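Reviewing the structure listed below.
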Amino acid sequence: MNKICKLVVTSLFLLNTSAYAEQAAVSVKQIGASFLEAPPGREKNLVPMGSMNAQEKVETHLIATFKNRLITDMPFFSNDSKVSAIAILSDKSTVELGPAEVSSFRKVSEDRKRTLISVSVSRLPDKPVAGIRFSGSVKVQVAISEVRKTAKFEAKVGSRPELGIGQISVAVLDANSFTLSGGEALERISAIKITKADGSTLTGQRGALSRQGETGGVRVQTQWTFPGPVSSGKLDITMYDALETVDVPVSVVVAKPY
């Protein structure tokens, strides 16, 4: 009986350890910042070139690196990132500046392990400022892995490739592109390739994407453009698997450099 109990406890420990090991591991590194104060008297003619007419702006850039996840390049419709900005004054007191702006469209490395996160604030208190503290979290959508699916492809409007991801169809077909219509699974496609009858391949590039409806009744259309005329053959797709949204922590200070 004791052996059985020990075995059960050991098994539970291994399960918990395995689950913990599967948690997303992410690290964050600050790679640069800029600090712009308003010119004397807020004179518009003295605003620096390239500042997009911003009188004041403090911005910093960070690289988030995932060890055991793939950062998706699919559209992310949630805007729940929460980073706040606090001004640190010269006398060491602080002034809350409210929510910071977080980059919506992020650059992703070729191996999809790293992404650039930019946060900024465009308002400063009318007091001597020593620096800005950014703190909070940014949501990043990631996948544990990718899966491949293959189906016969007929290059004509209305054809339905049987990829096992629900009912999808070719809604639009142009010379070098097509638009697939179907459910939410279409958003998870990370790569598309057509293998023609002669063995040559066409690799698609993601184009426009539209999404209509709410959960349970979502209709998605996604466009893919190819380097040559679209033709019938074999359609290979790669899809993100086991999606999750990770809160990447942000805790950095941009000190006034002058």
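Fair warning: this is a prediction, and the values are worked out from it, not measured in the lab.
Applying the ring pair (Phe, Tyr, Trp, His ring centres under 6.0 Å) rule to pairs touching residues 189-211 yields nothing, sequence neighbours excluded.
Thr238 contributes no side-chain N or O that, together with a main-chain N or O of Ser190, makes up a donor-acceptor pair within less than 3.5 Å. Side-chain atoms of Arg206 come within 3.5 Å of backbone N or O of Ile189 as a donor-acceptor pair. Side-chain N or O atoms of Asp73 include none that pairs as donor or acceptor with a backbone N or O of Val108 at under 3.5 Å. Without hydrogens or angle criteria, Asp247 side chain to Ser137 main chain gives no donor-acceptor distance under 3.5 Å. With hydrogens and angles ignored, the 3.5 Å screen pairs no side-chain donor or acceptor of Ser177 with any backbone N or O of Thr225. No side-chain donor-acceptor contact under 3.5 Å links Arg114 to the backbone of Thr65.
The two atoms that bring Thr203 and Pro227 nearest to each other are O-CD, 3.4 Å, heavy atoms only. The shortest non-hydrogen separation linking Ser109 to Asp111 is OG-OD1, 2.6 Å. Contact between Leu243 and Ala143 at its shortest, heavy atoms only, is CD2-CB, 3.9 Å. Contact detail for Phe35 and Val129: the closest heavy-atom pair is CZ-CG1, 4.0 Å. The two atoms that bring Ala25 and Asn68 nearest to each other are N-OD1, 2.9 Å, heavy atoms only. The minimum heavy-atom distance linking Leu202 with Gly228 is given by the pair CD2-N, 3.9 Å.
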Under 3.5 Å donor-acceptor pairs involving side-chain atoms of residues 152-176, not counting sequence neighbours:
unit_1 : atom_1 : unit_2 : atom_2 : d
Ser159 : OG     : Glu154 : O      : 2.7
Ser159 : OG     : Lys156 : O      : 2.9

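Side-chain contact check for Ile86 versus Ile132: every heavy-atom pair is 4.5 Å or farther apart. No side-chain heavy atom of Lys139 sits under 4.5 Å from any side-chain heavy atom of Val246. Inter-residue side-chain proximity for Val140 and Ile71 is flagged as met; some heavy-atom pair is nearer than 4.5 Å. Side-chain contact check for Phe178 versus Leu235: some heavy-atom pair is nearer than 4.5 Å. Side-chain contact between Val28 and Val248: present, with at least one pair of heavy atoms (C-beta onward) separated by less than 4.5 Å.
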Inset, instruction - Under the side-chain contact (heavy atoms from CB on, under 4.5 Å) rule, what do Thr94 and Leu89 come out as? Steps first, then yes or no, please. - result: CA-CA 6 Å; Thr94 60; Leu89 304 184; over 6 Å; no
Inset, instruction - Let me see the working for Val142 and Glu244 under side-chain contact (heavy atoms from CB on, under 4.5 Å), right down to the final yes or no. - result: CA-CA 6 Å; Val142 296; Glu244 61 180 309; 3.5 Å; yes
Inset, instruction - Would you check, one step at a time, whether the test side-chain contact (heavy atoms from CB on, under 4.5 Å) holds for Ile237 with Arg148? - result: CA-CA 6 Å; Ile237 67 169; Arg148 290 186 60 190; over 6 Å; no
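Looking at Arg112 and Glu146, a side-chain N of the basic residue comes within less than 4.0 Å of a carboxylate O on the acidic one, giving a salt bridge. The pair Glu56-Arg123 does not meet the salt-bridge criterion, since no charged nitrogen lies less than 4.0 angstrom from a carboxylate oxygen. A salt bridge is defined here as a Lys NZ or Arg NE, NH1 or NH2 lying under 4.0 Å from an Asp or Glu carboxylate O, and Glu96 with Arg133 fails to meet this definition.
Tested against Glu37, the residues Lys256, Lys57, Gln55 include a single side chain to side chain donor-acceptor pair (under 3.5 Å) partner, Lys256.
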